[in-house]
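A quick write-up on the structure given underneath.
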Protein chains: 2
Amino acid sequence: MADHLEATTETVQHVCNMEEVQGGDEGGNLLSKKQFSEQNAFNLVHDELRIAIKVAMPSPKRLMHRFLENTKEVLYPDDPLRQFKHQPASRKCFLGLKYLMPILDWVQDYKLSYLKSDLIAGITIATLAVPQGIGFARVAGLPPIVGLYTSFLPPLLYGLFGSSKDIAVGPGSILSILIGSLLRENIGPEEPPDSFVRLAFTATFFAGLFQAALGVFRLGFMIDFMSRAATIGFISGAAVVVCLQQLKGILGITNFTKKTDINSVMHSVWADPDMWNWRTAVIAACFLVFLLVAKKLSNQKKKLFWISPGAQMASIVLTTIFVYITHAYQHIGTVGTLKKGLNPLSVKYIYFHGPYALKAMKIGLIIGMINVMETIAVGRTFAAKKNNKIDGNKEIVALGIVNLTGSCFSCYISSGAISRSAINFDAGCKTALSNIITATLVMITLLVLTPLFHYTPNVILSAIVFVAVIGLIDVKGAHFTWRVDKLDSLACLGAFFGVIFLSINAGLLIAVSISVAKILLHVARPHTAVLGIIPKTSIYQDIQHYADAIQIPRILIIRIDAPICFINANYIKERILRWVDEKEEYNGQKLIVQYVIVDLTPVMSVDTTGIYELTDILMILQKKRLQLVLAGPGIDVMEKLNSANFVHVLGPQWLFSTVSVAVAECTSILEAQEESSDNYSKAVA
Amino acid sequence: MADHLEATTETVQHVCNMEEVQGGDEGGNLLSKKQFSEQNAFNLVHDELRIAIKVAMPSPKRLMHRFLENTKEVLYPDDPLRQFKHQPASRKCFLGLKYLMPILDWVQDYKLSYLKSDLIAGITIATLAVPQGIGFARVAGLPPIVGLYTSFLPPLLYGLFGSSKDIAVGPGSILSILIGSLLRENIGPEEPPDSFVRLAFTATFFAGLFQAALGVFRLGFMIDFMSRAATIGFISGAAVVVCLQQLKGILGITNFTKKTDINSVMHSVWADPDMWNWRTAVIAACFLVFLLVAKKLSNQKKKLFWISPGAQMASIVLTTIFVYITHAYQHIGTVGTLKKGLNPLSVKYIYFHGPYALKAMKIGLIIGMINVMETIAVGRTFAAKKNNKIDGNKEIVALGIVNLTGSCFSCYISSGAISRSAINFDAGCKTALSNIITATLVMITLLVLTPLFHYTPNVILSAIVFVAVIGLIDVKGAHFTWRVDKLDSLACLGAFFGVIFLSINAGLLIAVSISVAKILLHVARPHTAVLGIIPKTSIYQDIQHYADAIQIPRILIIRIDAPICFINANYIKERILRWVDEKEEYNGQKLIVQYVIVDLTPVMSVDTTGIYELTDILMILQKKRLQLVLAGPGIDVMEKLNSANFVHVLGPQWLFSTVSVAVAECTSILEAQEESSDNYSKAVA
């Protein structure tokens, strides 16, 4: 082998001696004689070449085994059943039950010291939950009492079935505007008046069903369908829309558009400025300042987490008393009568068949996915802060149960909103008991305290909603995105402006489309590189990025940096052929490429279309009297090449484990050719 | 540096001396003492470590420059304006005109010897074009004369604007069944009778518009949206559907379903077997055998390419004469009166606004894309055989012009069908003149010969269509797909059964969905690998696939084989953390991981979500008192990491150009720690 090695290095040197040294202009010099003698010395001791690292020929794995392996990795990447290993049957049952109802888990470890924190957190959230529940229900276009129902039962259920300690469940601003928007699109003015609420319950039911199925079948990975940038854009846009909607309550406008886009809203607002109610405007102005200051304080000093919820509750109390005393309810809108009592059964209102059921399924799918995405994002954020892990699929199942059951008890879709969960976190909640405490307090409100809201002015609820959502407009995140990744910014801006100028659904569609298109585009135009050798090493690098890398004469080395599949196979083929043409053109007559080495190391997989195109490349190169050489194919790729008989067509002698070994072989062949050509010339002369 | 090197190797040896050698069960031994001394010897001379290959810090490129570069690669990968370089202005104009109308190109090089081949090809295709034109128009549910119009003008236009020599343009079977199916879905029985044809023209108009735009904006790469396997499934399924539709003509059934799925068809066929027409069945039986044999002969011997078209023409002539003489037209359906004369203007029939226009746009989009996909696939196939290249976008523009203009002259959508083009190819066509010759002959037919088809029985047209499409059922391709790539097969079978059991559109949707889902799934679950070193080299390989590769104690090396983007960032993070846990678990107390080296060499890009997750990983590892190390980041990745300030947060000293260098650094730090710990123990003792 040492002789072979010597021969090889001599060959490379010889090849260089034959050609003129040319300077490269498109990055990529050719090895000069001096450099080759240095490479010589390196190669002589380079053990890499001595070891015949064979290209591993894969043994045929059973199809079922391979399928199970891959399915396991796709669906169970977090290996949730790890804890079940090596356990007796009875323990497995208990573990299973604990898995489904995490309350059994934390209840047995509960310490009394936790109670104080959970109590404080629960009470704090409850002071928020009541006004926000009423406010968000109005955003969704639903009766205010539905908002209170949704602030009671879902947190209770979540406390039983959810595993995240920090998520505080209840009506969410984004989902409320989304469901309201979707429902309005599907319910025309000529439909019966109760169909709106009925469709809301039905959509929530199907959302819950869909979520439960998603979680049970471990398809939770599907929620990563929108880039974070697109999410920032979508949520910020939705927040702006919700804020604009509050102008109705703040200015006391009676004829307000049902649409959400900024043009319609501005039209409604400026249609008749005389109709603005100065009373509501004044109340709004005062309390908005008050609430925003309180919120800023809470945000800046975590210890003052209670200030913002307290301010909101105080505002409600003050304005309610004020309206009652001054009889201002004759001039401004108030909440009105809220029925006393807990959640009534609503199963009979759910459409299980008919055209509404179909509409509800579509709406349920959309809100279900956004619900999951929002809640899991919140869960992950807090889990990271506490260095916990969150089992996404388990949470999704919990959410599904919450929504399924809730829809049967007059609740609409609820989620773990970031603002509410942040306060829960800052309040130092220790377990999901905080949710149960919140639910209890809302229950008391429903049973006893609802008459107190009779004179609560709508304007204060609008102010509370405004303050709640204004924090969702993530300017910092958008700026970060712009700084780091311009294409991501496009998704962000597209989603934002789509939501504001078109509609929520349009913005969502834009967000998802740009996100998916980004991926497809990236796969469709993969990175490819021409490689050159770094002298005195056996490293081959992209000649465009490494000025030291120099090309080897007569050998073109191309690395493909992506899997070869139908979406890019044709492009890759044409790219390779274009490089071959360029090298031939550039080099004119003198340096003719004889070997095209394709480095497949980063190519993790190839599909049937990829194989068709590789075969095409082989044929086209053969017609040009070039030899295709493949280097570094992985196991999966080798299997496919084998099954497709491509290895046989190419010839197994043209497969190498690394680029270095391939180059060594090609250069030795070139030398042999040169020698015999010399001998022939000598014989003729 | 040599001292450093010696120190490094001693360190590695020392580290190994400290730990017990453990055998690996999940693939991956640890380096033993003996192996390390060998590695020692290797490292001492390994120049790679001597050279400080710095991680290239990218210089800030101007945004516009980067944007233009990327856009150029996405939209103009084939660099079509290469020929315009270094040309005077007048020549550029001429080249531009030739680019738009390729006829100017080949006309000036035309030799008389080509004429014979083109004439033969043109005549052969014309003998096919007439019966197939009538037959496919009936498949689409359009009047037979429209089929003849579509066999005249489109080939003529294509001869002027198209550049592929081999594509023979005219009505296609797949597009006919597709457009027929889509039109039937959108036109109910209560609509005016001419709306069907009008919608067909309108859809063709919008398809042409869409195609022209696609080609002009160089978005032709979008046609690679269906894998070849899915295409095979879809086209085979559509062929089966077309064959089933011909049972109407073959059995002479009057009440035949308008639906295309196999259940409805079988129901129509078997509803009343007494109503079958024995006459048509007999004619069909005889001529089907005749035509199939002729087709097989043509396929097997390329020189006998004329036999199949000739047989088809002969069948028509014979049956027409037979029906005329025997007055069989009283018992079996015939073509009837075909208006004489060329294509009438049909602009007034096109819906430019209104609900039909909207429907037509949707239909036009679908058929436009399939049209492009089919025609380009055919063009590429033949270009490869002749070692030509095909400018996809130019062809798409030509197709757009053909359909746009054709729709204004009573033509419906036409394409370059594979069977017709194959005959064109076998007949030895030399230029696109063959299309023009075909058009001329069809023109003569329209002007003079249409009365001859009055007594042509429908059954013979059904037989001709049957024989034309049966060859599209690609069993061989489906079997190849099954053998090579099971997931691709899923797409193939899904498309096939979707078309047959549901509808053409459903099958198409399934085909596209599975194709896109495959890509998304692949990106969402990228391959990741734990690396080990191959002894006596500096190569690091996947320990699962290379039994020789052995892990280095205290250092976990993970390679990520895909770009990190929103769809997989969370998965990658969880995967890395799971490996860290596993290594800690597996190794118990003895071998604690201290360094986690993430090999980013295959990671071509990272987006903002990826950066968030990398930051998360860094934080979580820090909490576990592990150090994150990044190796081999590319230029694009470095840019993003820089802009996001991640480099600063990580610390630039933890970025290395290769895994080897990273390992060397980590091992030297480990040794230093061990030394000081020894000294401390000695001091204390």
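Here is the naming used below: chain letters follow the sequence lines, and residue numbers restart at 1 for every chain. Note that these values count all heavy atoms, side chains included, but never hydrogens, waters or copies made by symmetry.
- Remark: A:Lys518 engages A:Asp488 in a side-chain hydrogen bond (donor to acceptor under 3.5 Å, both in side chains) (not counting sequence neighbours).
- Heavy atoms closer than 4.5 Å to chain A are found in the backbone of B:Val606, but not in its side chain.
- Once rounded to the nearest 0.5 Å, the distance linking SG of A:Cys565 with CD1 of B:Ile519 reads 4.5 Å.
- In this structure, the separation between CG on B:Leu487 and CG on A:Asp607 is 9.0 Å, given to the nearest 0.5 Å.
- Of the listed residues (A:His522, A:Arg380, A:Met619), the greatest number of heavy-atom pairs within a distance under 4.5 Å of chain B belongs to A:Arg380.
- For A:Val523, the part lying near chain B is the side chain, with the backbone staying farther off; criterion is any non-hydrogen pair under 4.5 Å.
- Rounding to the nearest 0.5 Å places CZ of A:Arg228 at 11.0 Å from CD1 of B:Ile611.
- Proximity of a side-chain donor or acceptor of B:Thr608 to a complementary backbone N or O of A:Thr481 within less than 3.5 Å is not detected.
- For the atom pair CH2 of B:Trp482 and OG of A:Ser643, the computed distance is 12.0 Å after rounding to the nearest 0.5 Å.
- Remark: A:Ser515 OG to B:Ile567 CD1 distance equals 9.0 Å, nearest 0.5 Å.
- Top candidate by heavy-atom pairs under 4.5 Å with chain B, chosen from A:Pro563, A:Ser227, A:Ser605, A:Ala644, is A:Ser227.
- If you tally non-hydrogen atom pairs under 4.5 Å between each of B:Asn570, B:Leu577, B:Leu520 and chain A, the highest count goes to B:Asn570.
- Residue with the most contacts toward chain A among B:His527, B:Met226, B:Arg559: B:Met226 (heavy-atom pairs, distance under 4.5 Å).
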